[in-house]
Amino acid sequence: METLEERARAVLPPEVFAYYAAGAGEQRTLVAQTAAWDDLLLRPRVLRDVSTVTTATTVLGTPVASPVLVAPAALHGLAHADGELATATGARDAGSLFVVSMRASRPLEQIAAAAGPWWQQLYVLRDRGISDEVARRAADAGASALVVTVDVPFVANKPTGPLPPLPREAIVEALQGRDPADERLQQAPDLGAADLARLKEISGLPVVAKGVLRGDEALRCLDAGADAVIVSTHGGRQLDGVVPSAVALPEVVDAVAGRAEVYVDGGVRTGGHVLRALALGARAVLVARPVLWALAVDGADGVRDVLDGLTADTRDALGLAGCSSPGDTGRDLVRI
Ligand SMILES: Cc1cc2nc3c(=O)[nH]c(=O)nc-3n(C[C@H](O)[C@H](O)[C@H](O)COP(=O)(O)O)c2cc1C
């Protein structure tokens with residue numbers, strides 16, 4: 001049967017498919033990330049009552065129907081004419097939470113109007129005023145957290161090369177009216193602890209640091225004011241050859257030691273992967289590419305369906321492992 005990715009490949013312009021699919025460098029992390037989840041062998045419990053299994057949980061206090069959230073990804077306008085409005089609608093209908101990229105194709109206020117619960121992702125740009133402005137706008141529009149991406153001091157090279165000129169509906173909304181060649185719009189290579197603290201203060205929102213792969217670095221983020229962390233390789237799109245998120249997760253969970261919620265993304269494709277992440281101590285997972293493929297193939301309905309499918313698969317995996325909820329999982333479920 002044709003996979004969702006194959007169906008998306010058939011409908012997307014080749015350069016857009018390549019942009020979404022790409023990893024950095026030799027693609028080692030991209031290739032390794034899903035395999036790392038598969039490599040973790042499960043140890044199911046038995047003689048447990050799983051007549052009722054729920055996938056519902058909370059993230060930073062916000063109720064969600066599923067521990068599967070939508071990761072921030074740039075330029076949904078390349079996949080679908082409605083861009084992030086369709087993604088927001090699909091995620092809302094699935095009871096999920098949408099992390100809106102700062103590189104979105106649509107104004108965040110419009111996305112907010114279509115969304116259920118949502119967080120705003122931020123890059124700290126060389127011109128910090130632009131990032132600060134997006135943080136304020138997001139707070140005003142009802143975001144319940146900021147996700148500050150900390151693994152992009154600059155964008156890594158990808159074999160796909162630069163995108164051709166973008167259609168009008170795909171351009172990066174937050175930078176509209178500004179000259180894209182202006183280097184003040186690039187990521188700040190000196191992004192530091194003070195940025196997390198400042199963004200937290202000006203927005204009044206909790207801050208989630210996205211892109212940590214080490215326990216000590218997670219603690220540095222918390223010490224800088226972060227309220228949660230996302231274990232992430234940026235989908236294999238930044239430093240190539242890094243430890244896959246599935247392998248890094250236990251170290252981060254141990255270091256954080258209950259001080260903050262820990263989320264994880266990168267190559268999560270099945271309910272079994274979600275179960276492994278929960279068992280290792282993640283509060284929730286995020287997915288990017290499956291949502292982009294679904295958006296390209298079937299718009300908002302596609303996004304809803306792919307998320308509903310992952311949630312149903314997660315419910316099955318929980319029950320078959322002898323767990324009745326995300327909180328009922330533990331490390332005993334995984335042979336490390
Ligand atoms: C096309 C694309 C664009 C992305 N854009 C962003 C972004 O704007 N901000 C960000 O923090 N992460 C971005 N990411 C990384 C994702 O948030 C996430 O960490 C990763 O892709 C998850 O892995 P998965 O695609 O295997 O599910 C992007 C990923 C892709 C594939």
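Computed over heavy atoms, backbone and side chain alike; hydrogens, waters and symmetry mates excluded. In each ligand, atom 1 is the first atom listed, and ligand 1 is the first ligand listed.
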*Distance in Å, Leu310 CG paired with Thr55 OG1, rounded so as to fall on 0.5 Å steps*: 11.0 Å
_Show me which atoms of ligand 1 lie under 4.0 Å from any heavy atom of Ser232._
19 (O)
*Measure from NZ or CZ of Arg237 to the centre of the six-membered ring of Tyr19, then state whether that distance is under 6.0 Å and the direction lies within 45° of the axis.*
yes
_Please check whether Arg289 reaches ligand 1 - meaning an N/O of the residue sits under 3.5 Å from an N/O of the ligand, judged on distance alone._
yes
*atom 4 (C) of ligand 1: which protein heavy atom is closest, and how many Å away?*
Ala73 CA, 3.4 Å
*Between the side chains of Thr270 and Asp313, is a donor N or O closer than 3.5 angstrom to an acceptor N or O?*
no
_ligand 1 versus Met102: contacting region, heavy-atom distance under 4.0 Å_ = neither
*Identity of the nearest option to atom 16 (C) of ligand 1, non-hydrogen atoms only, from Gly23, Gly235, Pro72*: Pro72
_Quick check: Leu286 and ligand 1, any N/O pair under 3.5 Å apart?_
no
*Should the pair Arg259-Asp223 be classified as a salt bridge under the 4.0 Å nitrogen-to-oxygen rule?*
yes
*Atom CG of Leu196 and atom CZ of Arg220: how far apart are they, to the nearest 0.5 Å?*
10.0 Å
*Which distance, rounded to the nearest 0.5 Å, do you find between the CD of Gln238 and the OG1 of Thr149?*
9.5 Å
_Heavy-atom nearest neighbour in the protein, as seen from atom 8 (O) of ligand 1, with distance rounded to 0.1 Å_ = Ser101 OG, 2.8 Å
_Interfacing atoms of ligand 1 (cut-off 4.0 Å, heavy-atom, Ala71)_ = 17 (O)
*Under 3.5 Å, is there a donor-acceptor pair between the Arg315 and Ser66 side chains?*
no
*asked:* Any donor-acceptor pair under 3.5 Å linking the side-chain atoms of Asp298 with those of His80?
replied: no
_Quick test: of every protein heavy atom, which one is nearest to atom 30 (C) of ligand 1, and how far off is it to 0.1 Å?_
Arg237 NE, 3.5 Å
*Identify, for atom 12 (N) of ligand 1, the protein heavy atom at the shortest distance, and state residue, atom and that distance.*
Lys210 NZ, 2.9 Å
_Residues forming a ring-ring contact (aromatic ring centres under 6.0 Å, His included) with Trp293, sequence neighbours excluded_ = Phe17
_Polar atom proximity, Gln33 to ligand 1 (N or O, under 3.5 Å)_ = yes
*Of all the non-hydrogen atoms in the protein, which one sits nearest to atom 5 (N) of ligand 1, and at what distance?*
Ala74 N, 3.1 Å
*Within a distance under 4.0 Å of any heavy atom of Val287, pick out the atoms of ligand 1 and give their elements.*
27 (O)
*Could you see which bit of Gln121 sits under 4.0 Å from ligand 1, with heavy atoms only: side chain, backbone, both or neither?*
side chain
*Please write down residue, atom name and distance for the protein heavy atom closest to atom 26 (O) of ligand 1.*
Arg269 NH2, 2.6 Å
*Are any of the N or O atoms of Arg103 closer than 3.5 Å to those of ligand 1?*
no
*Side chain or backbone of Ala288 under 4.0 Å from ligand 1, or both, or neither, by non-hydrogen atoms?*
both
*Is Asp140 paired with Arg137 through a side-chain N to carboxylate O contact shorter than 4.0 Å?*
no
*Between Thr149 and ligand 1, does any nitrogen or oxygen pair lie at a separation below 3.5 Å?*
yes
*Counterpart residues, side-chain hydrogen bond (donor to acceptor under 3.5 Å, both in side chains), relative to Asp216 (two or more places apart)*: Arg214
*Would you mind telling me if ligand 1 is within reach of the side chain of Gln238, the backbone, both or neither, using heavy atoms under 4.0 Å?*
neither
*What residue and heavy atom of the protein are closest to atom 18 (C) of ligand 1, and at what distance?*
Asp265 OD2, 3.2 Å
_Protein contact to atom 7 (C) of ligand 1 [nearest heavy atom, distance to 0.1 Å]_ = Tyr123 OH, 3.1 Å
*asked:* Do the side chains of Asp190 and Arg128 get close enough for a salt bridge, i.e. N-O under 4.0 angstrom?
replied: yes
*Looking only at distance, does Val268 have an N or O less than 3.5 Å from an N or O of ligand 1?*
no
*Main-chain N/O of Gly215 paired with Glu251 side-chain donor or acceptor, under 3.5 Å*: yes
_Pairs of nitrogen or oxygen atoms closer than 3.5 Å, one from Gly267 and one from ligand 1: do any exist?_
yes
